[in-house]
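Here is the structure we will look at, set down as structure tokens.
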Number of protein chains: 2
Amino acid sequence: MNISAAAEGFSAEPKTLVESAYRALRRDIIEGTLAPGEKLRVEHLKDNYGVGAGTLREALSLLIADALVVSQGQRGFRVSPVSLEDFGDITRTRVMLECEALRQSIAIGDDAWEANLVGAFHRLAKAEEKRIGSDAREEWEERNRIFHEVLIAACPSRWLKHFLSILYYQAERYRRLSLYLQPIPRDIHAEHEALLQAAIKRDADQAAALLAEHILMTFRSIEAIPSEELNRKPAA
Amino acid sequence: MNISAAAEGFSAEPKTLVESAYRALRRDIIEGTLAPGEKLRVEHLKDNYGVGAGTLREALSLLIADALVVSQGQRGFRVSPVSLEDFGDITRTRVMLECEALRQSIAIGDDAWEANLVGAFHRLAKAEEKRIGSDAREEWEERNRIFHEVLIAACPSRWLKHFLSILYYQAERYRRLSLYLQPIPRDIHAEHEALLQAAIKRDADQAAALLAEHILMTFRSIEAIPSEELNRKPAA
DNA sequence: TAATTTAAAAATCTCGAGAAAACGTATTGA
DNA sequence: TCAATACGTTTTCTCGAGATTTTTAAATTA
């Protein structure tokens, strides 16, 4: 998640309660269980997540790094609010950074990278087959994230990848918040496949164009939803 | 610093001890008082900064967001290590993002923005005159940061500005770490002035080129320093 | 001597309780 | 009726002390 995380292998098993709470909270925010703008009362939440108040505060502090939580001095923590404007910003910034990272990745990536990419695409495709059930959905989300991650894995810029990781989770949250409104209508599988082919052909221009369209598409589909619907889960 | 900070007016007076400790620690890391890679023992530091252990841990957690501190589960906190490679990455990423932000700012900025820019440049120039003393140096650093901030202030992307804020502090740390090795030889004033003129003339291409050169110059001057010198302050 | 084991020391991580601030409600007055 | 004030409740913020884990150092053995 954060840059130290990527560096230190943070993504292994959680070793401390702080990290467990951090992950549980992050999942709940991205899934929408904790609604945008909702107040995060430490005294209540510490029981839900089975940790002490100090520990929970620390986990919440870490989530500020991911911009999933905001805090105002002496007024506690809140889930970051959402807005169409913000999602637009996230989308445009992501297009800009991710296309650049993809170009670098395509330019530098070796055979091992290609192999990883094909593997990630295959695992994603497998997850697309079994469409039913909440677990299957979680699995698809995870593999989709990894596919995007592997696409830019050969990009040498740790900072670019760090920022993109933050933006990806942000975008995932928006995607999920709007999901109960609209089932996935697009042929995402075809988009991913075209992306894979372009990457392997080392056609950076085409790959970047496909990626940009891929990312923008999600935004457009959500943008089309009437704003009243989006604000149904109130910002507390 | 973090995106909530920008949003919530975090930059006013510190309202909690956590925030005071956060700022003091951030300053000490950027200035180099706390050396790269140095272990940050909570039990020791809590006395230095006059806060409890839990409070200090929370402040350190916030610094992870800025990538000035890293943590390994069960093995405490450390000041983020430095490397020439990392500084190169920071520089290139910053060039990419800041040029884009500047273009947008120039395209959108109105008269008020221009006025702010002229004002920021003027304050910076004033600070350049009185070159002596540690306070004068601090003042110059602050005004230099604000000048760069105002340059891109009209850019509508909060995320771009958020990432740039992080990168700016990172770059400032590198600049200061190498400062005792080399006094500022370049005519930075002239660079800033040219930048200002290009911005006001709304010449986005020229402004972006000047900005890129401006940022890259600092990297080159540090890159030229033999690596033994840079590693003089060991990474613990 | 070098490697392994053991034990002491230090540091991290965690929790619960107390002070300060913010919030909500009821009361008062115009 | 509305605004302002005062009070009580809730919540945040903060600290110190105890349980695990890591680190350091010494002792033992091959």
Side-chain angles (χ1 to χ4, degrees), chain A residues 2 4-5 7-10 12-26 34-35 37-65 68-81 234-236, chain B residues 2 4-5 7-10 12-26 34-35 37-65 68-81 234-236:
Chain A
N2 48 56
S4 69
E8 308 291 352
F10 202 67
E13 281 301 290
K15 291 287 177 189
T16 68
L17 283 181
V18 170
E19 197 182 321
S20 299
Y22 165 76
R23 293 198 192 183
L25 282 163
R26 187 180 67 185
L34 295 169
E38 184 177 335
K39 197 142 185 5
L40 296 167
R41 291 185 183 79
V42 176
E43 292 302 316
H44 284 189
L45 263 58
K46 78 192 181 83
D47 300 324
N48 295 8
Y49 293 92
V51 295
T55 304
L56 191 70
R57 283 184 64 85
E58 217 177 293
L60 289 170
S61 297
L62 289 174
L63 282 163
I64 293 178
L68 291 170
V69 164
V70 295
S71 83
Q72 292 175 298
Q74 296 289 26
R75 292 205 276 177
F77 299 90
R78 284 179 175 278
V79 179
S80 293
Chain B
N2 48 55
S4 69
E8 308 291 352
F10 201 65
E13 282 302 291
K15 292 287 177 191
T16 67
L17 283 181
V18 170
E19 197 182 321
S20 299
Y22 165 76
R23 292 199 192 182
L25 282 163
R26 188 180 67 183
L34 296 168
E38 184 176 335
K39 196 140 188 3
L40 296 167
R41 292 184 183 80
V42 175
E43 293 301 317
H44 284 188
L45 263 58
K46 78 191 181 83
D47 299 324
N48 294 7
Y49 293 92
V51 296
T55 305
L56 190 70
R57 285 183 63 85
E58 217 176 294
L60 290 170
S61 298
L62 289 174
L63 282 163
I64 293 178
L68 292 171
V69 164
V70 295
S71 83
Q72 291 175 295
Q74 296 287 33
R75 292 205 276 175
F77 299 90
R78 284 178 175 279
V79 179
S80 293

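Within every chain, numbering begins at 1; the chains are lettered A, B, ... in the order of the sequence lines, protein sequences first and strands thereafter.
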* Is there a side-chain polar atom (N or O) of Lys46(A) under 4.0 Å from OP1 or OP2 of dC15(C)? -> no

* Asked: Taking for each residue the nucleotide of DNA chain C bearing the nearest heavy atom, is the 5' side occupied by Gly54(B) or by His44(B)?
  -> His44(B)

* Atom CZ of Arg57(B) and atom P of dT14(D): how far apart are they, to the nearest Å? -> 16 Å

* Between C1' of dT10(D) and CD of Gln74(A), the distance in whole Å -> 14 Å

* In whole angstroms, how far is the P atom of dA19(D) from the CG atom of Leu17(A)? -> 16 Å

* Qualifying side chain to side chain donor-acceptor pair (under 3.5 Å) pairs with a residue from residues 40-51 of chain B, counting only residues at least two apart or across chains -> Asp28(B)-Tyr49(B)

* Asked: So do the side chains of Phe77(A) and Arg57(A) get within less than 4.5 Å of each other, counting heavy atoms only?
  -> yes

* Looking at Arg75(A), does any N or O in its side chain come under 4.0 Å of the phosphate oxygens OP1/OP2 on dC13(D)? -> no

* 4.5 Å side-chain heavy-atom contact, Leu60(A) and Ser71(A) -> no

* Asked: Hey, does Gly76(A) reach any base, or is it just sugar-phosphate, or nothing, if we go heavy atoms under 4.0 Å?
  -> sugar-phosphate

* In whole Å, what is the span from the CG atom of Leu56(A) to the P atom of dC13(D)? -> 12 Å

* Asked: Is any side-chain nitrogen or oxygen of Thr16(A) closer than 4.0 Å to OP1 or OP2 of dT12(C)?
  -> no

* Round to the nearest Å and state the distance from Glu58(A) atom CD to dT12(D) atom C1'. => 16 Å

* Side chain of Phe77(B): nearest nucleotide among dC15(D), dT12(D), dC13(C)? -> dC13(C)

* Report yes if at least one side-chain N or O of Arg41(B) is closer than 4.0 Å to OP1 or OP2 of dT12(C); otherwise report no. => no

* Structure fact -> Rounded to whole Å, the CG-P distance (Leu45(A) to dT11(D)) equals 12 Å

* Asked: When you check the phosphate oxygens OP1 and OP2 of dC15(C), does a side-chain N or O of Thr55(A) lie under 4.0 Å from one of them?
  -> yes

* Closest to side chain of Val51(B), choosing from dT11(D), dC15(D), dT14(D) -> dC15(D)

* When all nucleic acid strands are considered with a 4.0 Å heavy-atom cut-off, which category describes Leu40(B): base, sugar-phosphate, or nothing? -> sugar-phosphate

* Closest listed nucleotide, where the reference is the side chain of Glu43(B) and the choices are dC13(D), dC15(D), dC13(C) -> dC13(C)

* Taking the side chain from Ser80(B) and the backbone from Val69(B), do they hold a donor-acceptor pair closer than 3.5 Å? -> yes

